[in-house]
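Only one structure is covered here, and it is reproduced in the block below.
Just so we're on the same page: letters track the sequence lines, and every chain starts at 1.
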Amino acid sequence: MGHPSEDLAEIVYNFRSSNRNQRIPLALDESIYQQRREKLKRIEALGQTAYRTRYEFTHTIPQIWSQFDKPVEELEARRVNVRVAGRIMAIRLMGKAGFAHLQQGGQKLQIYVKKDAVGENGFELYKLLDLGDHIGVSGYLFRTRTGELSVHVEEITFLSKDLLPLPEKWHGLTDVELRYRQRYVDLVMNPEVREVFLKRSKLIQSARRTLDGHGFIEVETPMMQPIAGGAVARPFVTHHNTLDMDLYLRIAPELYLKRLVVGGLDRVYEINRNFRNEGLGWRWNPEFTMMEAYQAYTDYQGIMNVTQEVITEASIAVNGNTKSKWTVREGGTESVHELDWANWQRMTMREAIIKFWPEVGAKPEMSDFASAEGVKKLVERFNRAHSHMAYDPNEPTGKTIAALFEAAAEEHLTQPTIIYEFPTAVSPLSKQKADEPEWTERFEIYAGQMEISNGFSELNDPEDQRRRFEAQLKERERGDEEAHQMDEDYIRALSYGMPPAGGVGVGIDRLCMLLTDSHTIRDVILFPVLRPEKSTTTEGAEAK
RNA sequence: GGGCGCGUAGCUCAAUUGGCAGAGCAACUGACUCUUAAUCAGUAGGUUGAAGGUUCGAUUCCUUCCGCGCUCACCA
């Protein structure tokens, strides 16, 4: 019978011999690999199945800890028989007895294997086990002399072999690249990594629960779109062969969700991936998860309140309360902040610029924002008082004000803060303020120096929408590749009449970072985008 | 793309001004029936990321390349 590991071993061997200079992370180590294959054969010779199909356990390891972490007398009073499975994370052999730690469900449990209890054959099996192997054991619970809850094993069942060595048990896996590339090893070795992703799951569950509670329905809209709309970003392009047409991976679901609001789905949301063909960084991954929600018959204030509730509830779901720790590192010093998701600040963009203006004693006036001249002077003042800010005198004034806000205020926004009223020039899909057409009913939520959310009163006047798109096209001609494209079908949809609505997007990855004190987006995405693994030396150089 | 830093055994890390490339864990052999970073005795494991240069001699100095990290720019 064909043994799967034989083929693999050959592949591994050939791979190694044809790539002598290649760095192979975490060892496709031939000698250890071969040794462990040999052991596997000997394990089979003992009557075990190499890769069995199932194991009927009575308890998970977390269940054992929660149910039986009792005093010795209680454990001895009634013998508790258990069958548990797990991965061997530590093993200590002492002649005719030994201990091991099994890891399962993120927790560890010690087992005690005595030759007298498991028999000759069982003990032979125990001696052939390696770190990383999966086994099942049956036996009874007891406490060792040092008091550790353990399984007194009566039978060992071999479940699966680890042919590659796990990282060193003490330091574990710290190499950042290997952690992301081989997340499976990272998850085995680093319980805090596992914890972050469990929290991420709770965060998303909670967001769904809150929105569902408000009568929203979850929908799925296209990931592949003929026009990448709904945001300002460069898209990825792909091609459909049969239709012979280019499609874009979506940069936002926005325009499709609003089409649904036109269609009478008054409260919709989607939690899914967006793709933006831009740089990577501690806050940026090319694909990231966005929650977008639209509610008919309300405005930006209404959706702002819903969003705030979603986030506050998420904090409770993830951390048990509305507080979360946020560590800020600035020039070697570390300061720990406590983010309070029940205490929100609100200020307009203009107020924020004034509040965080770097010049001492000479804050801008509201009237300074009213003219292109006034704003230009502000940029000059800012650049004298602070580091240089990029500025193109031909760009629309509103765009400059938004850049001024990012330069002056963003770095100060640690506690949850809602910034509202954005320039019309940078808000092609938002409804204007009734009394100030240069400004829109739009808000963004900031925390931990990051933008995590963006929402507004949805522009539902099709003719205004057409003019906004046309203004964006001008920006595009000016060289702004990210300016919004014209979407005729979206304008047609609006022409059928969209009810007044408020909409919002929340960056789930960034929110997850904030709630788990993670300081790179790669720590909250299981498989972040990395360069492909490739040969480092001669081959790489030749390829150039 | 710019700047800074790093790359040594499977993993975590050493190596004096440029002078024989080392330790712990993991692995292998042996001892050990309550250990938990188990212990004890022994063994094996390296083209020091790659190529070139300087030198009697390079892990160390120089150049280029590759890979990774941080950061700036880009990026709502």
Charged N to carboxylate O under 4.0 angstrom, A/Arg143 versus A/Asp69?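 Counted as a salt bridge, because a side-chain N and a carboxylate O are separated by less than 4.0 Å.
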
With a 4.0 Å cut-off on N to O distance, would you call A/Lys433 and A/Glu421 a salt bridge?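 A salt bridge links A/Lys433 with A/Glu421.
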
Close aromatic pair by centroid cut-off 6.0 Å: A/Tyr300 and A/Phe456: no

Can you check whether A/Phe68 and A/Tyr140 have ring centres sitting under 6.0 Å from each other?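 No, the ring of A/Phe68 stays outside the 6.0 Å limit from the ring of A/Tyr140, centre to centre.
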
Taking atom [atom2] of [N] as reference, at what distance in whole Å does atom [atom1] of [X] sit?
| X | N | atom1 | atom2 | value |
| --- | --- | --- | --- | --- |
| A/Ile91 | B/U35 | CD1 | C1' | 12 Å |
| A/Tyr126 | B/C32 | OH | C1' | 12 Å |
| A/Leu129 | B/A27 | CG | C1' | 15 Å |
| A/Lys127 | B/A31 | NZ | C1' | 12 Å |
| A/Arg37 | B/A27 | CZ | C1' | 17 Å |
| A/Leu163 | B/A27 | CG | C1' | 14 Å |
| A/Phe288 | B/C75 | CZ | P | 15 Å |

Mind checking the [atom1] distance from [N] to [M]? Whole angstroms is fine.
| N | M | atom1 | answer |
| --- | --- | --- | --- |
| B/C32 | B/G22 | P | 33 Å |
| B/G67 | B/A50 | P | 15 Å |
| B/C72 | B/C20 | C1' | 45 Å |
| B/A44 | B/G49 | C1' | 24 Å |
| B/G19 | B/A15 | C1' | 12 Å |
| B/C61 | B/G18 | C1' | 8 Å |
| B/U59 | B/C74 | P | 43 Å |
| B/C68 | B/C28 | C1' | 33 Å |

Among the candidates [options], find the nucleotide nearest to the side-chain atoms of [X].
| X | options | result |
| --- | --- | --- |
| A/Phe99 | B/U33, B/C34, B/G10 | B/C34 |
| A/Met94 | B/G10, B/C75, B/U33 | B/U33 |
| A/Pro167 | B/C11, B/C68, B/U35 | B/C11 |
| A/Leu178 | B/C32, B/A27, B/C11 | B/C11 |
| A/Trp284 | B/U35, B/C75, B/C68 | B/C75 |
| A/Leu131 | B/A27, B/U35, B/G10 | B/A27 |

Is there a Watson-Crick or G-U wobble partner for B/A41 with both distances under 3.5 Å, and if so, which one is it?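 Answer to the pairing question: B/U29, which forms a Watson-Crick or G-U pair with B/A41.
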
Quick one: does A/Glu148 reach the base of B/U35 with a side-chain donor-acceptor pair under 3.5 Å? no

Hey, can you pull the residues of residues 417-431 of chain A with a non-hydrogen atom under 4.0 angstrom from RNA chain B?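 Hits under 4.0 Å, by residue number: A/Val426.
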
Give [X] one of three labels, base, sugar-phosphate or nothing, depending on what nucleic acid heavy atoms sit under 4.0 Å from its own.
| X | result |
| --- | --- |
| A/Phe405 | nothing |
| A/Lys114 | base |
| A/Ala402 | nothing |

Would you please say whether a donor-acceptor pair under 3.5 Å links the side chains of [X] and [Y]?
| X | Y | value |
| --- | --- | --- |
| A/Tyr180 | A/Asp186 | no |
| A/Gln110 | A/Arg92 | yes |
| A/Arg510 | A/Ser453 | no |
| A/Tyr294 | A/Glu292 | yes |
| A/Thr221 | A/Glu270 | yes |
| A/Asn274 | A/Arg250 | yes |

Taking the nucleotide of RNA chain B with the closest heavy atom to each, which residue, A/Leu93 or A/Ala100, is nearer the 5' end? A/Ala100

Between A/Leu280 and A/Gly147, name the one whose nearest nucleotide on RNA chain B is closer to the 5' end.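 This one resolves to A/Gly147.
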
Between the protein and nucleotides 69-71 of chain B, which nitrogen or oxygen pairs are less than 3.5 angstrom apart?
from, atom 1, to, atom 2, distance (Å)
B/G69, OP1, A/Arg522, NH1, 2.3

Could you check whether any side-chain N or O of A/Thr440 sits under 3.5 Å from a backbone N or O of A/Phe422, counting only pairs where one atom can act as donor and the other as acceptor? yes

Taking all heavy atoms of A/Lys258 and all of A/Glu254, pick out the closest pair and write down the distance.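 Residues A/Lys258 and A/Glu254, closest heavy atoms: NZ-OE2, 2.7 Å.
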
Is the phosphate of B/C28 approached by A/Lys39 (side-chain N or O, under 4.0 Å from OP1 or OP2)? yes

Within the structure, does a side-chain N or O atom of A/Arg234 lie under 4.0 Å from either OP1 or OP2 of B/C74? no

